[in-house]
Every structure is written in C-alpha cells, then in structure tokens.
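Written below as structure tokens is the structure these notes are about.
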Amino acid sequence: MADRRPSRNLAMELVRVTEAAALGAARFMGRGDKEGGDQAAVDGMRLVLNSINMKAVVVIGEGEKDEAPMLYNGEVLGAGGSPEMDIAVDPIDGTRPLAEGRLNSIATVAVAPRGTMYDPGPFVYMNKIAVGPACKGMIDIEKPIEDNLRSIAKGLGKRQEDITVIMLDRPRHDDLRAEVRRCGARLRLIDDGDVAGALMTALPDSGIDVLLGIGGTPEGVLAACALRAMGGEIQGKLYARNDEELALGREMGYDFDSVITMDGLVSSEDVFFAATGITDGELLDGVKYTSGGARTHSLVVRGATGTVRQVMATHSLEKLKSISALDY
C-alpha cells in the first residue's frame with residue numbers, strides 16, 4: 001500500500017518568517033523611515049528563513065525598486081538539505097503606508113520547487129489582471145476591459161454594474177480608470193499593496209472581484225503563488241517604463257508583448273505562501289502590541305491541498321528576545 005502520510009507543509013514554517021518580518025517592521029509604523037522599517041523586516045525574514053531545513057534560491061528579491069536593504073536575487077537561504085526551492089520575498093508590500101502610518105502594509109513570502117518561478121530579471125513593472133476561483137479561465141488580459149468585466153460578471157452571477165475592481169491609484173491608470181467607469185463597474189483605488197488586492201479577489205467575503213492595472217512584477221509573482229494555491233488566476237505582461245528599458249529587455253530576450261500566464265509565473269502546484277499584516281488592512285489586521293507581547297494576523301496557503309488558513313498568534317516578546325538574535 002502506498003505511503004499516504006501527509007507531506008511536509010512548508011507554509012506552516014513560512015508563517016514564522018512573515019511574523020518575524022511584521023513584528024520587526026511594525027515598530028516603524030508612522031515614523032517616516034521607509035528604509036528602517038524595511039531593514040527590520042529583512043532582518044527578521046532572513047533570520048527565520050535560514051532556520052528552515054531547505055535550500056532556497058531567491059528568484060524574486062526585494063530592494064532594487066525602493067533602493068532599500070535587500071534579500072537579493074540569487075541569495076541562497078535556508079539551513080540546507082532538501083527540498084530545493086525557489087523563493088519570492090517582499091518583506092514589506094507597502095513600505096510607504098508603513099512609514100506614513102497608513103493601511104494595507106503586509107509581509108509576504110512564497111516558495112515553490114526549484115526552477116518553477118518566473119524570473120523577471122531587472123524589469124520591475126507588469127500589467128496584471130487577477131480573479132478568484134469562480135472566474136478562473138474566464139479572463140484574457142489582451143481583450144478589452146468591458147469583455148473581461150462581462151465574463152467576470154457571468155462567472156460570479158452578478159450584474160456588470162455590481163462588479164468591484166481594485167487598482168493602484170496612479171496617473172498611469174487614468175485611461176484604465178475611465179474605461180472601468182464607462183463600463184459601469186464599481187472601483188476601489190488603493191495607494192499601495194497590490195499583492196493584497198490580488199489575494200482579495202480569491203476571498204469571497206472581501207467584496208473585491210478583480211485586480212487590474214500596472215504594478216510590481218515581484219508582487220505579480222507573489223500573487224500568482226498565492227492565487228494558484230487558492231484556485232484563482234492571474235495574467236500579466238511586462239511593462240517597460242521607457243524606451244531604454246524596452247531596448248534592454250529585448251536585448252536580454254524578454255518579450256513585452258506576450259502574455260505571462262499562471263503557469264508562466266509559477267508552474268508548480270506544490271507552492272506555499274504566507275503573509276502577515278504589519279498595519280491594519282482589509283486583508284489582514286496589523287500587529288497589535290500589549291504589555292510585554294504582541295498579536296499577529298496571517299494568511300497561510302498550501303497549493304497541494306488548497307488549504308487556506310487564517311492564523312492569529314500571540315507572542316511573548318521577552319521570550320522571543322531570549323532565544324532570538326533580533327531585538328523585538
């Protein structure tokens with residue numbers, strides 16, 4: 001008889017990674033110090049990642065876009081041994097909201113078997129469309145917005161006017177925003193944090209039906225890992241900010257006209273994702289401090305089983321300090 005014992009669930013180990021990043025970064029809420037908050041998150045994330053029995057190579061690193069402390073592309077993390085994994089990190093998705101004391105800052109990490117994650121190289125922006133499980137297979141980033149909204153409405157059993165779109169509030173989205181409004185859909189604009197926006201499409205009680213627009217390529221890969229595990233879908237196309245970037249991409253063999261599908265972004269079902277709230281948001285509660293302790297709220301996802309967990313944890317900061325190199 002075949003061995004039917006459960007395989008190792010790395011997601012439950014990864015939640016310690018995002019908790020450590022969130023606990024470190026949350027001290028910087030509203031202090032106007034983006035780099036200080038990011039450094040604290042990076043330090044917490046790296047310390048715990050290096051305690052996990054795996055050999056993981058950073059494919060989606062952090063820092064180039066914000067000139068912040070880095071978990072750099074190509075860095076090898078973990079305590080060694082098996083499994084061999086790709087890793088995507090964003091110690092703070094929403095550095096500006098954290099620094100300004102605003103909503104929707106989270107710590108995120110994802111891992112998948114080695115060689116299965118998309119490597120965007122130096123190209124940090126991507127046009128995206130993301131939906132939850134009910135609309136999987138019903139979107140096409142190359143079709144007009146109205147066609148996609150009509151398909152999404154059909155998949156959800158809603159009127160098109162009742163669909164809620166979420167997108168980053170950026171000048172580059174002026175035409176897209178106008179088109180969504182012309183189609184009669186509802187629109188939610190967010191200052192930062194499109195990983196959370198993408199994930200919300202897969203949570204039935206979030207009120208968000210589709211993410212649209214140009215955001216970070218690293219965030220797109222992280223969202224793809226989570227949505228693959230949650231049964232949703234994301235498509236993307238690399239976005240060049242100027243002619244020089246377009247020429248460099250073509251020289252390096254990147255195609256800015258082709259669609260990057262879910263399989264292109266992460267090709268394995270054996271994917272793990274974790275996120276922990278740093279500041280309060282619609283997806284996750286932020287870190288709350290008590291006398292001598294703290295409380296965190298995390299989302300933990302495992303692709304092989306499709307399990308989505310909400311993890312509420314209480315932490316004794318004194319006990320953590322006694323066994324950790326970090327000063328919580």
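The main-chain N or O of G216 is found under 3.5 Å from a side-chain atom of K128 such that the two form a donor-acceptor pair. No donor-acceptor pair closer than 3.5 Å links the side chain of E269 to the backbone N or O of A304. Here the side chain of E233 pairs no donor or acceptor atom with the backbone of V131 at under 3.5 angstrom. Between the side chain of E75 and the main chain of Y72, a donor-acceptor pair closer than 3.5 Å is present.
In this structure R159 satisfies the salt bridge (Lys or Arg N to Asp or Glu O under 4.0 Å) test together with D162, sequence neighbours excluded. With sequence neighbours excluded, no residue satisfies salt bridge (Lys or Arg N to Asp or Glu O under 4.0 Å) with D93. Every residue two or more places apart in sequence or in another chain that forms a side chain to side chain contact (heavy atoms under 4.5 Å, CB included) with V48 is listed here: R16, V17, A20, S51. L47 pairs by the side chain to side chain contact (heavy atoms under 4.5 Å, CB included) definition with S324, A325, L326, not counting sequence neighbours. Applying the salt bridge (Lys or Arg N to Asp or Glu O under 4.0 Å) test to E84 and every residue at least two apart in sequence or in another chain returns nothing. For P83, the side chain to side chain contact (heavy atoms under 4.5 Å, CB included) test picks out R8, L10, M54, M85, with sequence neighbours left out. Every salt bridge (Lys or Arg N to Asp or Glu O under 4.0 Å) that D174 has, sequence neighbours left out, goes to R177.
Counting only residues at least two apart or on different chains, no ring-ring contact (aromatic ring centres under 6.0 Å, His included) pair has a member in residues 258-294. Each ring-ring contact (aromatic ring centres under 6.0 Å, His included) pair with one or both residues in residues 91-123, not counting sequence neighbours, appears once here: F123-Y254, F123-F256. Note on residues 282-299: pairs passing salt bridge (charged side-chain N to carboxylate O under 4.0 Å, His left out), not counting sequence neighbours, are R188-E282, D280-K288.
Heavy-atom contacts from other residues, nucleotides or ligands closer than 6.0 Å to CZ of R186 number 12 or fewer.
Here the CG atom belonging to D191 is positioned 5.5 Å from the CZ atom belonging to R96, to the nearest 0.5 angstrom.
Taking each heavy atom of H173 and L168 in turn, the nearest pair found is ND1-O, 2.8 Å. Of all heavy-atom pairs between V287 and A294, the closest is CG1-CB, 4.2 Å.
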Test side-chain hydrogen bond (donor to acceptor under 3.5 Å, both in side chains) on T18 and T276; report intermediate values, then the result.
CA-CA 5 Å; T18 54; T276 300; 2.7 Å; yes
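Other residues sharing a hydrophobic cluster with M12 under the 4.5 Å side-chain heavy-atom criterion for ILVMFWY residues are V15, V300, V311.
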What donor-acceptor contacts under 3.5 angstrom involve side-chain atoms of residues 313-322, with partners at least two apart or in another chain?
{"from": "H315", "atom 1": "NE2", "to": "T296", "atom 2": "OG1", "distance (Å)": "2.8"}
{"from": "S316", "atom 1": "OG", "to": "K319", "atom 2": "N", "distance (Å)": "3.4"}
{"from": "S322", "atom 1": "OG", "to": "K319", "atom 2": "O", "distance (Å)": "2.7"}

